[in-house]
2 protein chains.
Amino acid sequence: MGTSPVFPADCPSRTVLEVLANKWALYVLAALRNRPCRFNELRRILQGVTQKMLSQTLRALERDGLIRREVYPTAPLRVEYSLTDLGVGAGKLTSAIGDWSKQHAREILAARGEYDQRADAAPHPVQSVGRYQA
Amino acid sequence: MGTSPVFPADCPSRTVLEVLANKWALYVLAALRNRPCRFNELRRILQGVTQKMLSQTLRALERDGLIRREVYPTAPLRVEYSLTDLGVGAGKLTSAIGDWSKQHAREILAARGEYDQRADAAPHPVQSVGRYQA
DNA sequence: CTGGATCCGAGACGATACTG
DNA sequence: CAGTATCGTCTCGGATCCAG
């Protein structure tokens, strides 16, 4: 099984995974874990997202049954997004990734810096097997 | 705190997260959890990836210190990719997402089907001008 | 306030050819 | 085998305007 496909191309889980493999989807799920949110609320919480991407992301997540969209026909109209049971499960996982990212951001950024530096100083392809640990 | 940003825009963890928020990165990490792999080996295992995207993904992951690239200057040349300690940690998380996807693929696909059907039969909201994937 | 529609540039991505 | 280089396509994503 070592050489068999990890996720066969025709595997339905791929299409699922590809919805999650999106930074805004990750952020949305993380944000909604706290509590239901309205559209512009999410926009503020997810700094940097454009209306279009947020809209797209929300629709995609709703389509897959991860979030629920509820419209309250009140005066200025009110739309609230919240996690479904399915979304709660997904949110745990995506939040775990977020936590991990925060936790290891420093070392990863350091590795990134080293790599870039090494790349600069290597006009010829780097091919030493031993990692020359600076 | 409910309204505060989940991942502030200037937060370094965003750049980390965005490397993981990529389907091929997820697949690569999942694949390498089993054992180290060579380039074309990965290509076969990750069905559907082009050499370009695989190459890009591997370099990005290497840059962030999640995978290690070792070159053995043997006869037909041999390059092996493996997880670093950091990559092992990340792999656990991404595999968890993969497992979850497989586990819930059925219900998600069902939700997707319902949603699309509903969308078809809903001339109410707005004129049926645009729906992705016509 | 919640979002859809549209235009547009930048980058993703695929296919092919070529190098070591 | 393990890539890089180049090119063309196409989708992503941002900005703006507009409607319910």
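So you know, we letter chains A, B, ... as the sequences are listed, proteins then strands, and number each from 1. Note that the structure is a prediction, hence the values are computed from the model and not measured.
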TODO: Using a 4.0 Å heavy-atom cut-off across all strands, classify A/Arg43 as base, sugar-phosphate, or nothing.
DONE: nothing
TODO: With DNA chain D as reference, determine whether A/Leu77 or A/Gly48 sits nearer its 5' end, using the nearest nucleotide of each.
DONE: A/Gly48
Open item on the list: Under 4.0 Å, counting only non-hydrogen atoms across every strand here, what does A/Tyr81 touch: a base, just sugar-phosphate, or nothing?
Closed with: sugar-phosphate
TODO: May I ask you to decide if B/Arg78's main-chain N or O and B/Arg38's side chain share a donor-acceptor pair within less than 3.5 Å?
DONE: no
Task: Side chain of B/Arg59 - closest among D/dT4, C/dC1, C/dG14 - done: D/dT4
TODO: Nearest whole angstrom, please: distance from the P of D/dA15 to the CG of A/Leu54.
DONE: 14 Å
Open item on the list: Checking the side chain of B/Gln47 only, and the main-chain atoms of A/Ala9 only, is there a donor and an acceptor separated by less than 3.5 Å?
Closed with: yes
- [ ] Quick one: pull up CZ in A/Arg35 and CG in A/Leu83 and give me the separation to the nearest 0.5 Å.
- [x] 12.0 Å
Task: A/Thr84 (side chain) donor-acceptor with A/Leu66 (main chain) under 3.5 angstrom - done: yes
Task: Between C1' of C/dG3 and CG of A/Leu42, the distance in whole Å - done: 13 Å
TODO: Please report, rounded to the nearest Å, how far the C1' atom of D/dC12 is from the CE atom of A/Met53.
DONE: 6 Å
Task: Length of the line joining A/Gln56:CD and D/dC12:C1', which is rounded to integer Å - done: 8 Å
Task: Of the listed nucleotides C/dA15, D/dG14, C/dT2, the one nearest the side chain of B/Lys52 - done: C/dA15
Task: Distance, rounded to the nearest Å, where A/Gln47 contributes CD and D/dG13 contributes P - done: 19 Å
Task: Distance below 4.0 Å between A/Arg38 side-chain N/O and C/dT2 OP1 or OP2 - done: yes
TODO: Could you tell me whether B/Arg43 and B/Glu41 make a salt bridge, using a distance below 4.0 angstrom between a side-chain N and a carboxylate O?
DONE: no
Open item on the list: Less than 4.0 angstrom between a side-chain N/O of A/Ser55 and OP1 or OP2 of C/dT2, yes or no?
Closed with: no
Open item on the list: Which nucleotide wins on minimum distance to the side chain of B/Thr50, given the candidates C/dG14, D/dC1, C/dG3?
Closed with: C/dG14
TODO: Report yes if a side-chain nitrogen or oxygen of A/Arg78 is closer than 4.0 Å to either non-bridging phosphate oxygen (OP1 or OP2) of C/dT2; otherwise report no.
DONE: no
- [ ] Check the distance between D/dG20's P and A/Phe39's CZ and give it to me in whole angstrom.
- [x] 18 Å
Open item on the list: Once hydrogens and angles are ignored, does a donor-acceptor distance under 3.5 Å link the base of C/dG4 to the side chain of A/Gln51?
Closed with: yes
Open item on the list: Using heavy-atom distances to pick each residue's nearest nucleotide on DNA chain D, tell me which of B/Glu80 and A/Val49 is more 5'.
Closed with: B/Glu80
- [ ] Could you tell me the separation between the CD1 atom of B/Ile67 and the P atom of D/dA2, rounded to a whole number of Å?
- [x] 14 Å
Task: Spacing between B/Asn22 atom CG and C/dG11 atom P, to the nearest angstrom - done: 17 Å
TODO: Looking at every strand, decide which applies to A/Arg69 at a 4.0 Å heavy-atom threshold: base, sugar-phosphate, or nothing.
DONE: sugar-phosphate
